[in-house]
Peer 1: 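Let me give you the structure first, and then I'll get to my questions.
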Amino acid sequence: MNTWYSNAAPKFESKSSKSLIHSFIVKEHRGLTINPYQGCQHRCGYCYATYEWSPDFYDKIYAKSNAPEILERQLRSAKFKSIEPVMISSATDPYQPAEVKYGLTRRCIQVLQKYKAPYYVFTKSTNILRDMDLHKGYRDNCFLVWSVTTCDEKIRRVIEPGTPPSDAIFRVIRKFVDAGVSCAVNIDPILPLITDSEVQLDQVLDTCNDNGVKHVFGAVLRLRADIWERMKTVLRLLGIREGIHDYQKTVFQFLEPIQPGVNIGSSKSYENRILDILKYRIQRRGMIPDFPTFIWKKDRRPSMTNSEHQLTLMKYV
Ligand code: SF4
């Protein structure tokens, strides 16, 4: 199992990769994704990317040193005439501290821009500010999403000890908003009994609103065997009495042990209630409770080769 709760600095290691850009389909959504790194220093206890094939996920960060070259080779030889928006990244944070050392995300983004690919970034980091020039110059065709789970520092230090505080993140978001780059906040995952109160959600939403964020959305935690083990530690560290019992009996309704590979969502009644509360409170502040629809629209894909017919993401925001 991953050693999650630790103050130890991770080790960095370079490795070569055979392939970088991959397609994905999640429910009705499809797209492309790149992961310039394997592993993540942000140490989120709820992380979904901690699979058994990556047992040292938090402690060893692999930098895919040939990522920009492989990406360019794949894009150059791609058979398709158009490209889906590219998610950066699905299984790591592309702007975690390793990026300061290796710069692979920046170089991959330069390749995507060269091939006129639309992209959206998922990060919890403030390091993205280094690439303001890059994203600002491409602002009609990119979209930046920060995952902010809480504005409560006491909670953040326990659930995601390697991430920056939310006020530092929002200072960076404000700079991108002011630069005209489209920004979103993803409150994901919402942690039952920890960050799901209206007070907690309002804190994040008010801060989004104050900083000009237009799109806000979120999702409730899902459990897997390894995630559950870490969440038990989180509940204990935060002193939430009955938390483990309530997760098992009320919120997620499962029996231990969770079988390997099985994902458990919260009960429909809990999930619907929380997501309804979230949506209502987002809309009440005049923000949009969803990802921009351009991301998932079919048959509206930009040409990779003919910039004259380039559709921009902003057409769908
Ligand atoms: S930032 Fe994302 S990839 Fe990194 S540990 Fe947190 S949830 Fe996992």
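Note that these values count all heavy atoms, side chains included, but never hydrogens, waters or copies made by symmetry. Counting starts at 1 for both ligands and their atoms, in listed order.
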Peer 1: Assess whether a salt bridge exists between Arg281 and Asp206, defined as any Lys/Arg side-chain N lying under 4.0 Å from an Asp/Glu carboxylate O.
Peer 2: no

Peer 1: Please determine, by modelled atom types, if Ser125 and Asp93 share a side-chain donor-acceptor pair under 3.5 angstrom.
Peer 2: no

Peer 1: What protein N/O/S atoms sit under 2.8 Å from atom 6 (Fe) of ligand 1, by chain and number?
Peer 2: Cys44 SG

Peer 1: Which pairs with one or both residues in residues 100-113 pass salt bridge (charged side-chain N to carboxylate O under 4.0 Å, His left out), sequence neighbours excluded?
Peer 2: Glu69-Arg107, Arg106-Asp131, Arg106-Asp133

Peer 1: Is it the case that the side chains of Lys15 and Gln38 hold a donor-acceptor pair, with the cut-off being a distance below 3.5 Å and no angle test?
Peer 2: yes

Peer 1: Taking only heavy atoms of Thr92 into account, list the atoms of ligand 1 that are under 4.0 Å away from them.
Peer 2: 3 (S)

Peer 1: Going by ring-ring contact (aromatic ring centres under 6.0 Å, His included), name the pairs with one or both residues in residues 83-114, residues two or more places apart or in two chains.
Peer 2: none

Peer 1: Go through the structure and list residues passing ring-ring contact (aromatic ring centres under 6.0 Å, His included) with Phe254, not counting sequence neighbours.
Peer 2: Trp228

